[in-house]
Amino acid sequence: QHLSKGFEKGLVEWLSGCTCLDVTLADDGMAVASDTVFFARPDRHLALLDDRTMRLFDSEPVNGHRPSADHLFESAAEVFGPNAAGVILTGMGDDGARALGRIRRAGGLTVAQDESTSTVYGMPKAAADLGTAERVLPLDLIPQCLIGWARS
């Protein structure tokens, strides 16, 4: 999620009220937890490490984005392989579209939001056009897809 500074806490609080999962901003060194939704902090890249902890870092933006989904997806494919899932939702540009292919090649699940439910069909369209999204789904079907995949 590309978050503007000052918006992140409100989003975390709002999402916390919409799910039974914990929702929080990632901190460097924090362990990945299966019952928690983590967001990269504004202007910090997020990557997963082999010990299943998270690393936040300040390297240059990727195609104008920091955080960049590219870093996260590449590290998720490396660490979790076929147990990784990548989802690209509405947004401008193509952040994450190519790196989503790393998850797909590793045997993980890759999903992009469809055009009819996207406010801006940029990032999901890029993933669909590149063939890195295995499934292109309406927003309301993505949670069911993820739950079914996680249970299988």
Side-chain angles (χ1 to χ4, degrees), residues 1-4 7-8 10-26 30-49 52-56 61-152:
Q1 177 69 43
H2 303 137
L3 296 172
S4 299
F7 179 71
E8 71 275 15
L11 178 64
V12 165
E13 288 174 13
W14 175 73
L15 281 176
S16 291
C18 298
T19 179
C20 61
L21 301 172
D22 290 329
V23 182
T24 190
L25 293 168
M30 207 179 242
V32 173
S34 62
D35 61 347
T36 305
V37 176
F38 295 97
F39 280 95
R41 292 183 177 272
D43 209 32
R44 305 285 313 272
H45 289 302
L46 174 64
L48 304 173
L49 302 177
R52 297 184 180 210
T53 61
M54 292 173 271
R55 179 171 173 252
L56 295 169
V62 176
N63 296 321
H65 299 288
R66 188 174 59 208
S68 169
D70 288 329
H71 283 298
L72 180 60
F73 289 165
E74 288 170 5
S75 66
E78 180 73 24
V79 172
F80 292 103
N83 295 315
V87 179
I88 294 184
L89 302 176
T90 186
M92 275 192 281
D94 63 357
D95 185 36
R98 282 182 180 69
L100 194 65
R102 294 273 310 269
I103 293 174
R104 186 167 186 180
R105 287 188 299 278
L109 174 67
T110 59
V111 179
Q113 185 176 353
D114 74 350
E115 183 173 13
S116 69
T117 62
S118 291
T119 303
V120 178
Y121 192 54
M123 290 166 49
K125 180 181 187 319
D129 288 352
L130 288 170
T132 57
E134 176 185 357
R135 301 178 193 176
V136 179
L137 299 171
L139 183 60
D140 62 329
L141 294 183
I142 293 174
Q144 295 170 19
C145 175
L146 290 168
I147 290 167
W149 173 80
R151 288 183 176 158
S152 64

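Note that the structure is a prediction, hence the values are computed from the model and not measured.
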message: Is the shortest side-chain heavy-atom distance between Val12 and Trp14 below 4.5 Å?
response: no
message: Looking at every non-hydrogen atom in both residues, tell me the closest pair between Ala133 and Ala128 and how far apart they are.
response: CB-N, 4.4 Å
task: Answer yes or no: is there a side-chain heavy-atom contact under 4.5 Å between Phe39 and Leu15?
output: yes
field: 4.5 Å side-chain heavy-atom contact, Thr36 and Val23
entry: no
- prompt: Should the heavy atoms of other residues, nucleotides or ligands under 6.0 Å from CD of Glu78 be counted, would the total exceed 12?
  reply: no
task: Check whether any side-chain heavy atom of Leu146 sits under 4.5 Å from a side-chain heavy atom of Val87, and report yes or no.
output: yes
- prompt: Is Thr117 reaching over with its side chain to a backbone N or O of Leu139, donor-acceptor style, under 3.5 angstrom?
  reply: yes
- request: Kindly write out the residues that satisfy side chain to side chain contact (heavy atoms under 4.5 Å, CB included) with Arg98, not counting sequence neighbours, or none if the list is empty.
  value: Asp94, Leu130
task: Starting at OG of Ser118, measure out to NZ of Lys125 and round the result to the nearest 0.5 Å.
output: 11.5 Å
query: Which heavy atom of Ala127 sits nearest a heavy atom of Ala112, and at what distance?
result: CB-CB, 4.3 Å
task: Any chance you could lay out the side-chain contact (heavy atoms from CB on, under 4.5 Å) test for Arg52 and Leu48, step after step, and finish with the verdict?
output: CA-CA 6 Å; Arg52 297 184 180 210; Leu48 304 173; over 6 Å; no
- line: Rounded to the nearest 0.5 angstrom, the OG-CZ distance for Ser75 and Arg102 is 9.0 Å
- prompt: Does Arg104 reach the side chain of Thr132, with side-chain heavy atoms less than 4.5 Å apart?
  reply: no
task: Please round to the nearest 0.5 Å and tell me the distance separating atom CD of Glu8 and atom CG of Asp43.
output: 11.0 Å
message: Could you report the tightest heavy-atom contact between Asp70 and Ala99, atom names first, then the distance?
response: OD1-CB, 3.4 Å
query: Minimum heavy-atom separation for Leu25 to Arg41, with atom names?
result: CD1-NH1, 3.5 Å
query: Passes side-chain contact (heavy atoms from CB on, under 4.5 Å), Asp95 versus His65? Steps please.
result: CA-CA 7 Å; Asp95 185 36; His65 299 288; 3.6 Å; yes
- prompt: Can you name the nearest heavy-atom pair linking Met54 to Ala26, along with the distance?
  reply: SD-CB, 3.8 Å
message: Distance check, rounded to the nearest 0.5 Å: Thr110 atom OG1 versus Arg105 atom CZ?
response: 10.5 Å
query: Could you give the distance from CZ (Arg135) to CG (Leu141), rounded to the nearest 0.5 Å?
result: 11.0 Å
task: Go through the steps for Leu109 and Cys145 under the test side-chain contact (heavy atoms from CB on, under 4.5 Å), then give the verdict.
output: CA-CA 9 Å; Leu109 174 67; Cys145 175; 4.1 Å; yes
message: Tell me whether Thr19 contacts the main-chain N or O of Ser16 through its side chain, where contact means a donor paired with an acceptor under 3.5 Å.
response: no
query: If you look at every heavy atom in Leu89 and Ile142, which pair is closest and at what distance?
result: CD2-CD1, 3.8 Å
task: Taking Thr24 for its side chain and Phe38 for its backbone only, find out whether a donor-acceptor pair lies under 3.5 Å.
output: no
field: Heavy-atom donor-acceptor pair, Thr53 side chain to Met30 backbone, under 3.5 Å
entry: no
- prompt: Between the side chain of His45 and the main-chain N/O of Arg66, is any donor-acceptor distance below 3.5 Å?
  reply: no
query: Between Asp114 and Leu137, does a side-chain contact (heavy atoms from CB on, under 4.5 Å) hold up when you go through it step by step?
result: CA-CA 5 Å; Asp114 74 350; Leu137 299 171; 5.9 Å; no
message: Quick check: do Phe73 and Ile88 have side-chain heavy atoms less than 4.5 Å from each other?
response: yes
message: To the nearest 0.5 Å, what is the distance between OG on Ser34 and CG on Leu21?
response: 9.0 Å
